**Q** 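The structure follows.
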There are 2 protein chains.
Amino acid sequence: MSNPESGSFGAVQPSRRKLTPKGESTRARIATAAAELMLERGVAGTTLEDVRIVAGVSSSQIYHYFDDKQALVRAVVEVTTEAVVGRHEVFLGALTDLDGLWRWRDFIIEHQRTVECVGGCPIGTLGSELAEIDAPSRVQIAVGFRRWEASIRGCLRTMHERGELAADADPDELALALLAALQGGLLLTQLQRDLTPLRIALDTMIGQIAARTTAVRRPTPTPDRGTAGAG
Amino acid sequence: MSNPESGSFGAVQPSRRKLTPKGESTRARIATAAAELMLERGVAGTTLEDVRIVAGVSSSQIYHYFDDKQALVRAVVEVTTEAVVGRHEVFLGALTDLDGLWRWRDFIIEHQRTVECVGGCPIGTLGSELAEIDAPSRVQIAVGFRRWEASIRGCLRTMHERGELAADADPDELALALLAALQGGLLLTQLQRDLTPLRIALDTMIGQIAARTTAVRRPTPTPDRGTAGAG
DNA sequence: CGAAAAATGGAATGTCAAATCCAGAATCTG
DNA sequence: CAGATTCTGGATTTGACATTCCATTTTTCG
C-alpha cells in the first residue's frame with residue numbers, strides 16, 4: 001500500500017497526497033458528523049447536506065476529502081468500529097475472571113439504559129444495512145467483529161489458563177457465542193425498547209460460562225429496575 | 001377499526017372499500033415483489049420503479065393499492081413476518097423434546113447453507129433498518145418477534161411440563177435467550193459469510209438447555225462440512 | 001344489458017440529493 | 001517573500017425518484 005497513513009483499508013480518502021493539520025481536523029469533523037447522523041437515521045437516510053450542516057463545512061469540502069458518499073461511508077465504518085470495539089477492548093483487556101465478565105455485562109446494560117434502548121449496536125446496525133449492498137464495508141465490519149470476538153476470547157482464554165474455566169470448556173466457542181448473544185440481545189432490546197431481552201441473553205450465556213467455572217462468584221445477577229414494562 | 005379485512009395493523013391499504021379478486025391478487029403481487037426487493041437491496045435501496053417492474057404493474061397501480069411507500073413498507077413487514085414466523089411456528093409447534101430442538105437447529109443451518117449466508121434474517125434486517133426511522137414498523141416487527149419467541153417458549157414449556165427440562169430451569173428465559181442467540185448468530189454469519197457463528201451460537205445455547213435436561217439424546221452435534229474457511 | 005365502481009397505462013410534475021465547477025482565501029515550502 | 005498547494009464557499013448541473021393526473025379499459029352488480 002502506497003498510502004502512508006490511515007488504517008488498514010486504503011482508498012478511504014481521495015488519491016490526494018498530503019493533509020495539513022487543518023485539513024486533517026476538517027476531515028475528521030466530517031467523518032464524525034457523518035457517523036453520528038448515520039447511526040441515528042441510517043446510511044441511506046443521511047444526506048450529504050445533513051452532514052455538511054452538522055460538520056459546518058461547505059459541500060465542496062466533503063468532496064475534497066472523500067471521493068463520494070460511499071467513501072464517506074467507509075470512513076464512518078472505520079470510525080465507528082474503532083470507537084465501539086476500541087472501548088470494549090480496553091474494558092475486556094483488563095478482565096481476568098468471571099466477576100469481571102459480570103461487570104462487563106453491567107457496563108453494557110447500563111449503557112443501554114442511558115440511551116433508553118435506542119440505536120442498538122452501532123456496528124451491528126451498519127453491518128445489517130450494508131451487508132448486501134456494499135461488499136467492502138461488509139468485509140470491513142466483519143473484520144471489526146472478529147477483533148471484538150478476539151478480545152472476548154482473550155478474556156476467556158485467560159480464565160481457561162488460570163484454571164477458573166473448566167478444562168473441557170472451549171473458550172473460543174464461548175467467546176463467539178457470547179458475542180452473538182450480545183448482538184441478538186441488542187437487536188431485540190432495540191426493537192422492543194425494553195432491556196429484558198439483552199439482559200436475559202447475556203445472563204443466560206454468561207451463566208453458561210459460569211456453570212463451567214470452578215470458583216463461582218456471583219450466583220444471583222442483579223435484576224434491573226424500571227425502563228418499560230412489557231411491549 | 002372500520003376496516004373489515006386486513007390484519008392487525010390498519011391503514012396498510014388506502015381507505016378504499018372493496019377489492020375485486022383481481023385487485024386482491026394484484027395487490028399481493030406488488031407486496032410480494034416489494035418484499036423480495038427490499039430484502040435484497042434494503043428498503044431505502046428499493047425504488048417503486050423497481051417494484052413496478054418486478055410486479056409487472058403500472059405506477060398508478062401501486063398508488064391504487066397503497067397510500068405511499070411507507071404503507072407499502074408496512075405491507076412488506078406484514079408479509080415477511082408472516083412468512084418467517086409462520087414457518088417457524090409450524091416447525092416449532094410440532095416439537096416436544098430436545099431432539100426436536102436439534103432438528104430445528106439443523107433446519108435453520110441448512111437453510112443458511114442453501115442461501116450461502118446471504119441476507120441474514122429477513123425480519124431482523126427489516127427491524128434494524130426501520131427501528132429508528134419508522135415507529136409503526138418498529139412496533140409491528142417487535143410484535144412479530146414476540147410471536148416467534150412465544151412459539152419457542154411453547155416448545156420449551158412442553159419439555160418443562162413433561163419433566164424433560166429441569167424443574168429449576170426457566171423455559172421462558174431460555175426461549176428469549178435462544179431467539180437472541182439465533183439473531184446474533186445470523187448477523188455474524190451474514191457478515192462473515194461463514195456458517196460458524198450461527199452454528200456455535202445455536203449449539204452453545206441449545207447445549208445450555210440440554211445441560212438442564214434429564215434424558216440427553218444428542219451429546220455430539222453434527223459438525224458441518226464446507227462453506228467457507230475462516231474469513 | 002348498462003351504469004357505477006374498480007383496475008390499468010403511461011405521461012407529467014416537482015422535489016430532493018449527489019456530484020461538479022469555478023473562483024477565491026488560507027497555508028505551506030523553498 | 002513568492003509560487004505552488006491545499007482548503008473553502010457557494011452556485012449549478014444532472015439525474016433519480018416519489019407522487020399525481022387523466023384517460024381508458026375491465027369488472028361488478030342491480
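Bear in mind that the values here come from a model prediction, so they are computed numbers and not experimental data.
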**Q** Find the distance Arg27(A):CZ to dC7(D):C1' and express it as a whole number of Å.
**A** 15 Å
**Q** Could you tell me whether Glu149(A) and Arg153(A) have a side-chain N and a carboxylate O separated by less than 4.0 Å?
**A** yes
**Q** Quick one, give me the B/S/- string for nucleotides 17-22 of chain D, reading 5' to 3', where B means a protein heavy atom under 4.0 Å from the base and S means that only happens at the primed atoms, P, OP1 or OP2.
**A** SSBBB-
**Q** Using atom CZ of Phe66(A) as one end and atom P of dA18(C) as the other, report the distance to the nearest whole Å.
**A** 15 Å
**Q** At less than 4.0 Å, is any side-chain N or O atom of Ser58(A) found next to OP1 or OP2 of dT8(D)? Yes or no.
**A** no
**Q** Go through the steps to decide whether Arg199(A) and Gln112(A) satisfy the test side chain to side chain contact (heavy atoms under 4.5 Å, CB included), and finish with yes or no.
**A** CA-CA 10 Å; Arg199(A) 184 167 47 77; Gln112(A) 282 303 304; over 6 Å; no
**Q** Whole angstrom is fine here: how far is it from CD1 in Ile62(B) over to P in dG10(C)?
**A** 14 Å
**Q** In whole angstrom, what separates Arg41(A)'s CZ from dA17(C)'s P?
**A** 10 Å
**Q** Tell me the salt bridge (Lys or Arg N to Asp or Glu O under 4.0 Å) pairs involving residues 44-54 of chain B, sequence neighbours left out?
**A** Arg41(B)-Asp50(B), Glu49(B)-Arg52(B)
**Q** Determine, for nucleotides 24-30 of chain C in 5'-to-3' order, which nucleotides have protein heavy atoms under 4.0 Å from the base (write B), from only the sugar-phosphate (write S), or from neither (write -).
**A** --SSS--
**Q** How many Å lie between NE2 on His64(A) and C1' on dC7(D), as a whole number?
**A** 5 Å
**Q** Taking the basic N atoms (NZ, or NE/NH1/NH2) and the acidic carboxylate oxygens, is any pair closer than 4.0 Å for Glu110(B) and Arg113(B)?
**A** yes
**Q** Taking atom types as modelled, is there a side-chain donor on Gln140(A) or Ser137(A) under 3.5 Å from an acceptor on the other?
**A** no
**Q** OP1, OP2 of dT8(D) versus side-chain N and O of Tyr65(A): anything below 4.0 Å?
**A** yes
**Q** Any salt bridge linking Arg147(A) with Glu82(A)? Criterion: basic side-chain nitrogen under 4.0 Å from a carboxylate oxygen.
**A** yes
**Q** Within the distance-only criterion (no hydrogens, no angle test), does the side chain of Thr46(B) pair as donor or acceptor with the backbone N or O of Gly42(B) below 3.5 angstrom?
**A** yes
**Q** I want to check one thing: is the phosphate of dA7(C), taken as OP1 and OP2, less than 4.0 Å away from some side-chain N or O of Gln61(B)?
**A** no
**Q** Classify the angle between the aromatic ring planes of His88(B) and Trp148(B) as parallel (below 30°), tilted (30 to 60°) or perpendicular (above 60°).
**A** tilted
**Q** Under the 3.5 angstrom rule, does the side chain of Thr204(A) hit a backbone N or O of Ala201(A) as a donor-acceptor pair?
**A** no
